Student: 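This is the structure, below, for whatever I ask next.
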Amino acid sequence: MAEPGQATKQAAKQTAKPADQPVVVELKGVRKSFNVGLPNETEVLHGIDLTLRRGEFCAVMGPSGSGKSTLLNIVGLLDRPTQGLLKVCGEETTALADHALTRLRGHSIGFVFQFHNLLGAFTALENVLMPLLGDAGFPNAAMAERAAELLDSVGLSPWRNQPAGLLSGGQQQRVALARALAMNPALLLADEPTGNLDTQSADAVFDLLRRVNREQGTSVLFVTHNPELALRCDKTIEVVDGRVVAQAGG
């Protein structure tokens, strides 16, 4: 029997809107320059402001070379901004040491790229295990169970022991999604994850992302060139020449 008030709390959690949720990512005045101090110094992000709350699914659109990937690398703590404030899961990151950034990234952020970056000779299960092994340093039964559950959640249980290199493109991307969720991250960064897939496979991968977002409350930043997929997101930001030029939704 549920504890008093438990059903009410669960209902509130299910009906809570992103606007009521805590901020997962916050950027204020973020700038990024390359070759700083050299004659060829170039600023590619020019004062980006962005807020992403728990449970929000945000599309990032813009032409090639607009700064979308640079923005994702900064949000994903793979690169540092030259100026500005960046908070991830409430932690101000710009002054963190590299080891602290690595830990925060490993526990709070999952990545799905256009190219899935799987180890082709390893099985689907072994690929999903990689983030768990990287964190703990050695395998155990609980990790294997977690990886198997994730593969089941993306419809790949029958292929869990299949080498990743023998899977179809859509299946490989679903393995990549399962791997990205291994640490139960608060934030999922998806950089053109459907760009190399046919329409049916792209829809399937997007639907999986959307399901994870809705069922687990995972915040998603989804880079895409596909306007039809962008329309299915909660909000959209458009980046042109390193600036956010339009926002819709949210």
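One is the number of the first residue; the rest follow in order along the sequence. Note that this is a predicted model, so its numbers are computed, not measured.
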Student: Look at atom CG of Asp152 and say whether more than 12 heavy atoms of other residues, nucleotides or ligands are closer to it than 6.0 Å.
Tutor: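 More than 12 heavy atoms, drawn from other residues, nucleotides or ligands, come within 6.0 Å of this atom.
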Student: For the hydrophobic clusters of this structure (ILVMFWY residues joined by side-chain heavy atoms under 4.5 Å, transitively), does one cluster hold both Leu188 and Val128?
Tutor: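 In one cluster with Leu188: Val128, yes.
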Student: Looking at Leu229, is its backbone amide N or carbonyl O close enough to the side chain of Asn226 to form a donor-acceptor pair, meaning the two atoms are under 3.5 Å apart?
Tutor: yes
Student: Given 3.5 Å as the limit, does a donor-acceptor pair link the side chain of Asp241 with the main chain of Ser66, or not?
Tutor: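 Side chain of Asp241 to backbone of Ser66, a donor-acceptor pair under 3.5 Å: no, none is there.
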Student: Do the side chains of Leu189 and Leu118 join up, straight or via other hydrophobic residues, at under 4.5 Å, putting them in one cluster?
Tutor: no
Student: Going by an N to O cut-off under 4.0 Å, is there a salt bridge joining Arg210 and Asp203?
Tutor: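 Here Arg210 does not pair with Asp203 in a salt bridge, since their nearest N and O are not under 4.0 Å apart.
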Student: Keeping the roles fixed (side chain from Thr82, backbone from Ser33), state whether a donor-acceptor pair exists under 3.5 Å.
Tutor: yes
Student: Is there side-chain contact between Val25 and Ser219, with at least one heavy-atom pair below 4.5 Å?
Tutor: no
Student: Applying the 4.5 Å side-chain criterion to the ILVMFWY set and letting contacts propagate, would Leu104 and Leu52 be lumped into a single cluster?
Tutor: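 Same cluster: Leu104 reaches Leu52 through Ile, Leu, Val, Met, Phe, Trp or Tyr contacts under 4.5 Å.
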Student: Under the 3.5 angstrom rule, does the side chain of Thr218 hit a backbone N or O of Ala186 as a donor-acceptor pair?
Tutor: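 Not a single qualifying donor-acceptor pair exists.
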Student: Checking side-chain contact (heavy atoms from CB on, under 4.5 Å) for the pair Arg211/Ser153: CA distance, chi angles, key distance, verdict?
Tutor: CA-CA 10 Å; Arg211 193 184 80 200; Ser153 73; 3.7 Å; yes
Student: Checking Asn127 side chain against Leu119 main chain: does a donor-acceptor pair fall under 3.5 Å?
Tutor: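 A pair under 3.5 Å: yes.
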Student: Donor-acceptor pair, distance only, cut-off 3.5 Å: does the side chain of His225 make one with the backbone of Gly62?
Tutor: yes
Student: Would a hydrophobic clustering, with Ile, Leu, Val, Met, Phe, Trp and Tyr connected at side-chain separations under 4.5 Å, put Val23 with Leu187?
Tutor: no
Student: If I take atom OG1 from residue Thr51 and atom CD from residue Gln247, how far apart are they, to the nearest 0.5 angstrom?
Tutor: 8.5 Å
Student: Return yes when atom CZ of Phe113 has more than 12 non-hydrogen atoms of other residues, nucleotides or ligands closer than 6.0 Å, and no otherwise.
Tutor: yes
Student: I'd like to know if the side chain of Arg174 reaches the main chain of Ala204, judged simply by a donor and an acceptor atom lying under 3.5 Å from each other, with no hydrogens or angles considered.
Tutor: no
Student: Indicate every side-chain donor-acceptor pair of residues 94-102 with a distance under 3.5 Å to a residue at least two apart or in another chain.
Tutor:
residue: Thr94; atom: OG1; partner: Glu92; partner atom: OE1; Å: 2.9
residue: Thr94; atom: OG1; partner: Glu92; partner atom: OE2; Å: 2.5
residue: Asp98; atom: OD1; partner: Arg80; partner atom: NH2; Å: 2.9
residue: Thr102; atom: OG1; partner: Asp98; partner atom: O; Å: 3.0
residue: Thr102; atom: OG1; partner: Arg105; partner atom: NH2; Å: 3.4

Student: By side chain to side chain donor-acceptor pair (under 3.5 Å), which residues pair with Asn184, not counting sequence neighbours?
Tutor: none
Student: Would you find a donor on one side and an acceptor on the other, under 3.5 Å apart, between the side chain of Lys68 and the backbone of Pro63?
Tutor: yes
Student: Between Phe222 and Phe57, what is the ring plane arrangement, given parallel below 30°, perpendicular above 60°, and tilted in between?
Tutor: tilted
Student: Decide yes or no for Met183 and Leu132: does some side-chain heavy atom of the first lie under 4.5 Å from some side-chain heavy atom of the second?
Tutor: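 Met183 reaches Leu132 side chain to side chain.
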Student: With a 3.5 Å distance limit and no angle check, can you tell me whether Gln171 reaches the backbone of Leu156 through a side-chain donor-acceptor pair?
Tutor: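 Pair absent, no side-chain N/O of Gln171 close to backbone of Leu156.
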Student: I need the minimum non-hydrogen distance between Gln21 and Arg53, along with the two atoms involved.
Tutor: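 Reported closest heavy-atom pair: O-NH1, 2.6 Å.
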Student: Locate the shortest heavy-atom distance separating Pro193 from Leu209; write the atom from each residue and the value.
Tutor: CG-CD1, 4.2 Å
Student: Taking CD in Glu149 as the centre, count heavy atoms belonging to other residues, nucleotides or ligands within less than 6.0 Å. Is the count above 12?
Tutor: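 More than 12 within 6.0 Å, yes.
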Student: Looking at CZ of Phe34 and CG of Asn40, how far apart are the two atoms once the value is rounded to the nearest 0.5 Å?
Tutor: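 Answer for the CZ-CG pair, Phe34 versus Asn40, is 12.0 Å.
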Student: Closer than 3.5 angstrom, by distance alone: can the side chain of Thr93 be matched with the main-chain N or O of Leu86 as a donor-acceptor pair?
Tutor: yes
Student: Does any part of the side chain of Leu45, heavy atoms only, come nearer than 4.5 Å to the side chain of Pro81, both counted from C-beta?
Tutor: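 SC-SC contact between Pro81 and Leu45 ruled out.
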Student: When you group the ILVMFWY residues by side-chain heavy-atom contacts below 4.5 Å and let the links chain together, are Leu125 and Val112 in the same group?
Tutor: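 Per the 4.5 Å side-chain linkage, Val112 and Leu125 are co-clustered.
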Student: Under a 4.5 Å cut-off applied to non-hydrogen side-chain atoms, are Glu43 and Lys32 in contact?
Tutor: no
Student: Heavy-atom distance under 4.5 Å between the side chains of Asn140 and Met143, does that happen here?
Tutor: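 Asn140 reaches Met143 side chain to side chain.
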